[in-house]
Trainee: 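Below you'll find the structure I mean.
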Amino acid sequence: MAEKTILRRGDTVRVIAGRDKGKTGKILAIADGRVTVERVNIIKRHTRANPSKNVRGGILEKEASLHVSNVSIVCPGCGKHTRIGRNVQADGTRTRICRRCGTNLDQ
Ligand SMILES: [Zn+2]
């Protein structure tokens, strides 16, 4: 079942649980209720050289995905991680807002 999330690629998030708790970064990818955040949850992948794909062998460092519940969006207005509120503007467009200070997160 697809997880309900209102996070988007490019959002800045803070990790609130797990090994990289406290780190912040931008969302690089989001899929199936999991997000990949830059420089967070780095795994070392031991790869074998594959000349046809131009892959060098060795230890490759790569971001692994985290569950969306382990990250929280960082508000550009107040700089804190926050829950996301919804706001419907006069023209009917929906925006995401910071529950702490009301800053529009979709600008
Ligand atoms: Zn805020």
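All ligand and atom numbering here is 1-based and tracks the order in the structure. Computation of the quantities below employed the complete heavy-atom set of this structure, encompassing side-chain atoms and omitting hydrogens, waters and symmetry-equivalent molecules.
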Trainee: Keeping to distances under 2.8 Å, can you name the protein N/O/S atoms close to the Zn ion (ligand 1)?
Mentor: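 Listed by chain and number: Cys75 SG, Cys78 SG, Cys98 SG, Cys101 SG.
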
Trainee: Would you name the heavy atoms of Arg39 and Glu63 that are closest together and state the gap between them?
Mentor: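 For Arg39 and Glu63, the tightest heavy-atom pair comes out as N-OE2, 2.8 Å.
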
Trainee: Counting heavy atoms not belonging to Arg99, are there more than 12 under 6.0 Å from its CZ?
Mentor: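 Yes - once you tally the heavy atoms of other residues, nucleotides and ligands closer than 6.0 Å, there are more than 12.
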
Trainee: List the atom of Val40, the atom of Lys23, and the distance in Å for their closest heavy-atom pair.
Mentor: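 Looking at all heavy atoms of both residues, the closest pair is CG2-CB, 3.9 Å.
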
Trainee: Please give me the minimum heavy-atom distance between Cys75 and Thr103, naming the atom from each residue.
Mentor: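 So the two residues come closest at SG-CB, 3.9 Å.
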
Trainee: Is there side-chain contact between Leu105 and Thr95, with at least one heavy-atom pair below 4.5 Å?
Mentor: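 No, every pair of side-chain atoms sits at 4.5 Å or beyond.
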
Trainee: Roughly how far, to the nearest 0.5 Å, is CG of Asp11 from CG of Asp106?
Mentor: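 So the gap between those two atoms works out to 8.0 Å.
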
